[in-house]
Number of protein chains: 2
Amino acid sequence: MLSKSCIYALRSIVFIAHHTTTEFKIGIKEIARELELPAHYLGKILQQLTKHSIIQSVKGPNGGFSIDEKSQKIKLITIIGVIDGLDFFNSCGFGLKECSKEHPCPLHDNFKIYRDGLLDLFSSKSILDMVSKIEDGNAFIQNANLYETGKKSIKKY
Amino acid sequence: MLSKSCIYALRSIVFIAHHTTTEFKIGIKEIARELELPAHYLGKILQQLTKHSIIQSVKGPNGGFSIDEKSQKIKLITIIGVIDGLDFFNSCGFGLKECSKEHPCPLHDNFKIYRDGLLDLFSSKSILDMVSKIEDGNAFIQNANLYETGKKSIKKY
DNA sequence: ATAATAAAAGACCTGCATATCTTTTATTAT
DNA sequence: ATAATAAAAGATATGCAGGTCTTTTATTAT
Ligand code: FES
Ligand code: FES
C-alpha cells in the first residue's frame, strides 16, 4: 500500500524530528543505522524531501538533516503524495480501470470504506502526532531488539 | 495490498463461476479477452488454482476451465493465501520487522483496524457471494466500456 | 491413426522499485 | 589556503513482479 520508499521517508522524518533541533543535525549514516535502512538509498529519499522543503539539510562538518517547527505539523498524506503519489486513494482494489459507484466491483463498498478510512487517517495525523507518541513511550519507530528480554521471539544462536 | 496476480485470480474465478457449468467450459483466451488480462500470464495463475483444486481444467477440444459447486463456496482469503500468502495480514504497515502490541509503531492501532477489517472481509466473502452480486446487476467484474454512453469519461478520438 | 484443440510447462524478456558505488559540491574547522 | 566532513548527484547493479513466446502433453473429433 505504502511503498518501502514512503515508509522509509515517514520513519526517517519522525526520527529526525525526534532527535534534532535547528542546532543539532543528524547524518544519514546514523539514521540508516538506527532504523536499519540502506544508507545510500535513504539518501535519495531524503533528497526528495529536502527539495520539497519537508526537511532541511546542511552539507559539511556538523551538517546533516533537521526539521523545523512548521514542517513538523505537516500531515502524513503530504509526504505520501510526494513519494508515492495519491492514485491509490481513488483506484479500484479489484483492478478495474476506474473505481466508481456507477460501475462498482463486487467489493467496492467494502474497499471504499477502508481506503477512505486510511485517507482520513493520513490526512489527519501529522509528524508531530507521531513524535509525541514516541516521546510518551506509546510507540516506536525503531525495531524491537529481538535479543533483549526474549519475550515472544525465538532466539537463534 | 493484493498483487495483480491475485486480483487476476479473483476476477477470473468469478468470471468462470458466472459463465460455466460442468458441461460448458471456458478457455483462457476468452477469459483474457473479456477481462482485458494478458492471456499467457493468466494461464500460469489459473494453473496454480487448478493445482490447488480451486478450479478444474480440461485440455483439448471443448476443454477449458470450470468451477464446481463446492469450490464456489470457497472464501476469498483462501485464494489470496494460495497466490499471495497471508503475511500481509499480520505485518506492520510502517515497516517494523514485526507488528506487536508490545512494541507498536505510531499507527499500529489504526493500521490494525483496517488490516483486521480486510481480513474479516476476505474471510467471510465467497466466490458465490461475488457472483450473486454480478448476476443481480449490483456489481461488475469487467471494465466499464468508456465509449459507451459517455457519462463521466472523457472521450478521445 | 491423424489432425486439431487447448491447457501445462518451460524458457526467456521487461520494467521498475530497491539498492549500491563513485564522484561532485557545499560547508566548516584548522 | 587546506583538509576533513557530509550531503547531492550520477551512474550502475539487483531482484522480482509482471509479461511474452515456444514447446510439450492431454483430449477430442474425424
Ligand atoms: S470499483 Fe472496485 S473499489 Fe471501487
Ligand atoms: S506495529 Fe505497525 S502495524 Fe502493528
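- Nearest-nucleotide mapping onto DNA chain D: of A/Lys44 and A/Gly60, the residue sitting toward the 5' end is A/Gly60.
- Along DNA chain C, the nucleotide nearest A/His40 and the nucleotide nearest A/Pro61 are compared for position; the residue whose nucleotide lies closer to the 5' end is A/His40.
- DNA chain D contains the following stems of three or more consecutive Watson-Crick or G-U pairs, with both distances under 3.5 Å: C:1-30 with D:1-30.
- The phosphate of D/dG18 (OP1 or OP2) has a side-chain N or O of B/Ser5 nearer than 4.0 angstrom.
- Mapped onto DNA chain C by nearest heavy atom, A/Cys6 and A/Val58 fall at different nucleotides, with A/Cys6 at the one closer to the 5' end.
- Listed candidates were C/dT18, D/dG19, C/dG10. Nearest to the side chain of A/Tyr41 is C/dT18.
- Taking every heavy atom of both residues into account, A/Phe140 and A/Gly137 meet most closely at CZ-O, 4.2 Å.
- Within a 6.0 Å sphere centred on CG of B/Asp136, heavy atoms belonging to other residues, nucleotides or ligands number more than 12.
- When the side-chain nitrogen and oxygen atoms of A/Asn62 are compared with OP1 and OP2 of C/dT27, none of them lie within a distance under 4.0 Å.
- Going from atom CG of A/Asp87 over to atom P of C/dA17 covers 12 Å, rounded to whole Å.
- Distance, A/Glu30 CD to D/dA6 C1': 13 Å, rounded to whole Å.
- Between the side chains of B/Ser3 and B/Tyr8, no donor-acceptor pair of N or O atoms lies under 3.5 Å.
- B/Arg33 places its CZ atom 12 Å from the P atom of C/dA6, with the value rounded to the nearest Å.
- Rounded to whole angstrom, the span from the CD1 atom of A/Ile31 across to the C1' atom of D/dA7 amounts to 11 Å.
- Contact annotation: B/Tyr8 side-chain N/O to D/dG19 OP1/OP2 distance is under 4.0 Å.
- Residue contacts for A/Leu46: at a heavy-atom cut-off of 4.0 Å it reaches no nucleic acid atom on any strand shown.
- Here C/dA9 presents its P atom at 15 Å from CG of B/Leu42, a figure rounded to the nearest Å.
- Contact check on A/Lys125 versus A/Asp129 returns no salt bridge, with no Lys/Arg side-chain nitrogen under 4.0 Å from an Asp/Glu carboxylate oxygen.
- Going from atom CD1 of A/Ile28 over to atom C1' of C/dT20 covers 13 Å, rounded to whole Å.
- The nearest whole Å value for the distance from the NZ atom in A/Lys25 to the P atom in D/dA8 is 12 Å.
- Distance CD (A/Gln48) to P (C/dA19): 14 Å, rounded to an integer number of Å.
- Side-chain nitrogen and oxygen atoms of A/Gln47 include none within less than 4.0 Å of the OP1 or OP2 phosphate oxygen of D/dA7.
- For A/Phe65, the listed nucleotide lying nearest its side chain is D/dA8; candidates were D/dA8, D/dC21, C/dA19.
- Between A/Ser71 and A/Asp68, the side chains place a donor N or O and an acceptor N or O closer than 3.5 Å (distance only, hydrogens not considered).
- Cluster membership for B/Leu35 and B/Ile45, using ILVMFWY side-chain heavy atoms within less than 4.5 angstrom, is shared.
- Close to D/dG19, at under 4.0 Å from its OP1 or OP2, lies a side-chain N or O of B/Lys4.
- At D/dA8, one or more side-chain N or O atoms of A/Ser57 fall inside 4.0 Å of OP1 or OP2 (strictly under the cut-off).
- Clustering ILVMFWY residues whenever any of their side-chain heavy atoms sit less than 4.5 angstrom apart, transitively, puts B/Ile31 in a cluster other than the one holding B/Val58.
- Looking at heavy-atom distances under 4.0 Å, B/Lys29 makes no contact with the nucleic acid at all.
- Closest approach of B/Gly95 and A/Arg11 over heavy atoms only: O-NH1, 3.6 Å.
- Side-chain proximity of A/Lys59 to C/dA26, C/dT18, C/dA8: nearest is C/dA26.
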